[in-house]
Amino acid sequence: MSVPEPSETPVSLTTPLSDEDVLALRAGQPVLITGAVYTARDAAHQRMFEALGRGEELPFDVRGEVIYYVGPTPTPPGHVIGAAGPTSAGRMDRYTPPLLKRGMKGMIGKGPRSEEVREALKRHKAVYFGGLGGAGALLARQITAVEMIAYEDLGTEAIRRLEVEQFPAVVINDCHGGDAYAEARARWQRV
Amino acid sequence: MKEVSAAEITAKVAELCIRACTVLPPDVVAAMESARDLEESALGREVLSRLLENARLAADESIPMCQDTGLAVVFVEMGEDVRVNDGHLRDAIAEGVREGYERGYLRKSVVHSPLNRCNTGDNTPPVICTEIVPGETLKITVAAKGAGSENMSRLKMMAPADGEAAVKQFVRETVERAGASACPPVVVGVGLGGSFEQCALIAKKALLRPLHDSGPHPEAAKLEAELLDAINSTGIGPMGVGGRITALAVKVETAPCHIASMPVAVNLQCHAARHAEHTWE
Ligand code: SF4
């Protein structure tokens, strides 16, 4: 199947994502994401993982949804949310395949994913986006609403639904086996 | 004898925590600007421009530049002729961290125990490194150390026979393994020599040096230049999207060591190289 080459002009995406949306994405492609995304990081993933182990439902239906690995700072007065940039995705690797199996379509984080996750992305047609690590102040501006969904006691690590508008990211791992980090290095390294 | 009150230390530490997390030091901003001008990859330049915009926005609005406002690592240089009144130095610093993280809307990212993972709720305790120095000055530096880059740091007890080539290989590999997880462009603190713990400490202290200076002696300066070149040849680039600028600077600190040892520590620092200091003179 032919996949278009990534262009430098960002592609707009609206969540939830369909198989079709995902199939059209290619590693290295900048995107602007609009719609709902769900926050979850280490502790929330562990709880979801344990819930699945007990045969319970997840706190939200992950089908088509995008999880954003982020633990925001407390919201200052007059703001929608505090600083909210991506955290390292690798720590969530072991919890990720079961979520992909249940239909989750995307994740936003930073840093490399495991072989298992990359394989699961191919198998379940999903995508991993890299966000702008360390740009929490700037990225908070693309978030227009926040709603608490689950695990409120986890504080910054609770699951929240964020409404994002034109949230910038880059496709790192697509569902065709493409890996933007590896491709970038192959292109730019000097030997 | 110079006297400083515990309350004064607390107030200042609180202010330093907030300043460190909201205002990127000018040498780091300057290094990021020159990185943006030198970067050949279009996507890499775009990333650097946004990171600079982020730093500006954070400083203007006094909001944290990054959501990981870190573990507070506090370096104290305390003159032998300085006395803390009405309290204890450690408590005064911890109280300052507590106040600063609360008042500055900074994230509380510390857990009681590595195994129970229960949040302490106020970002204490800080890590405090104290050094006694001659004189009447008290200098306190607060570094907000995020986990993304800290987690990718490494230490290795090498054999003297491994030599300089192995040291370089280890440093380069550490940056490669970290990739985008450490939020490049990074600053690389290298400790070479000393004992196990001293090696890690000098690597961390190296991160506090101004980014534009060069090594404390010619051997370190040469290694810094060569390592920077090697790291910027990896192609990782800003946030791993590819490019020439993977590191803004490499800082090497050395210490005498045992005839049988060659410890090497690599402490990675993300582009949000946050620290702020105050000196009582
Ligand atoms: S590595 Fe640094 S810039 Fe990146 S998320 Fe962590 S603290 Fe922020």
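Per chain, numbering begins at 1; letters A, B, ... match sequence-line order. Remember, predicted model here, so these are calculated numbers, not experimental data.
Residue I33(A) comes nearest to V164(A) through the heavy atom pair O-CG2, 3.5 Å, listed as atom of the first residue, atom of the second, then distance. For the pair F129(A) and A169(A), the tightest heavy-atom approach, listed with the atom from each and the gap, is CB-CB, 3.9 Å. The two atoms that bring I231(B) and V188(B) nearest to each other are CD1-CG2, 4.0 Å, heavy atoms only.
Classification of the Y95(A)-F49(A) ring pair by plane angle, with boundaries at 30° and 60°, yields perpendicular.
Comment: R102(A) does not engage D61(A) in a salt bridge, judged by the lack of any side-chain N to carboxylate O separation of less than 4.0 angstrom. One finds no salt bridge joining R47(A) and E56(A) here, because no Lys/Arg side-chain nitrogen approaches an Asp/Glu carboxylate oxygen to under 4.0 Å. The residues R177(B) and E173(B) are annotated as not salt-bridged, no charged nitrogen and carboxylate oxygen being separated by less than 4.0 angstrom. By the 4.0 Å N-to-carboxylate-O rule, E224(B) lies close enough to R209(B) to be salt-bridged with it. Salt-bridge check for R26(A) with E183(A): passed, with a basic side-chain N closer than 4.0 Å to an acidic carboxylate O.
Interface residue R185(A): backbone and side-chain heavy atoms are both found under 4.5 Å from chain B. Residue D60(B) does not touch chain A at all, counting heavy-atom pairs closer than 4.5 Å. Residue contact with chain B, scored on non-hydrogen atoms closer than 4.5 Å, involves the backbone of A84(A) exclusively. In this structure, the portions of I236(B) lying under 4.5 Å from any heavy atom of chain A include both its backbone and its side chain. At a 4.5 Å heavy-atom cutoff, the contact between A178(B) and chain A is made by backbone atoms alone. If you measure heavy-atom distances from P112(A) to chain B, the contacts under 4.5 Å come from both the backbone and the side chain. In this structure, the portions of T234(B) lying under 4.5 Å from any heavy atom of chain A include both its backbone and its side chain.
Considering only heavy-atom pairs separated by less than 4.5 Å from chain B, the leading option among P86(A), A137(A), G109(A), A180(A) is A137(A). Ranking E46(B), R50(B), E53(B) against chain A, the residue ahead of the rest is R50(B), based on heavy-atom pairs under 4.5 Å. No other option in A42(B), S41(B), A55(B) has as many heavy-atom pairs under 4.5 Å with chain A as S41(B). For chain A, the option among L106(B), N119(B), D68(B) with the highest count of heavy-atom pairs below 4.5 Å is L106(B). Of the residues considered (A43(A), P76(A), S88(A)), P76(A) shows the highest number of contacts with chain B, using heavy-atom pairs under 4.5 Å. Put simply, of R56(B), R117(B), K108(B), E40(B), the one with the most heavy-atom pairs under 4.5 Å next to chain A is E40(B). Note on G242(B), S233(B), A180(B): by heavy-atom pairs under 4.5 Å with chain A, the leading option is S233(B). For the set Q189(A), H79(A), R91(A), the count of heavy-atom pairs under 4.5 angstrom toward chain B peaks at Q189(A).
Judged by distance alone, the side chain of E39(B) and the main-chain N or O of R244(B) form a donor-acceptor pair under 3.5 Å.
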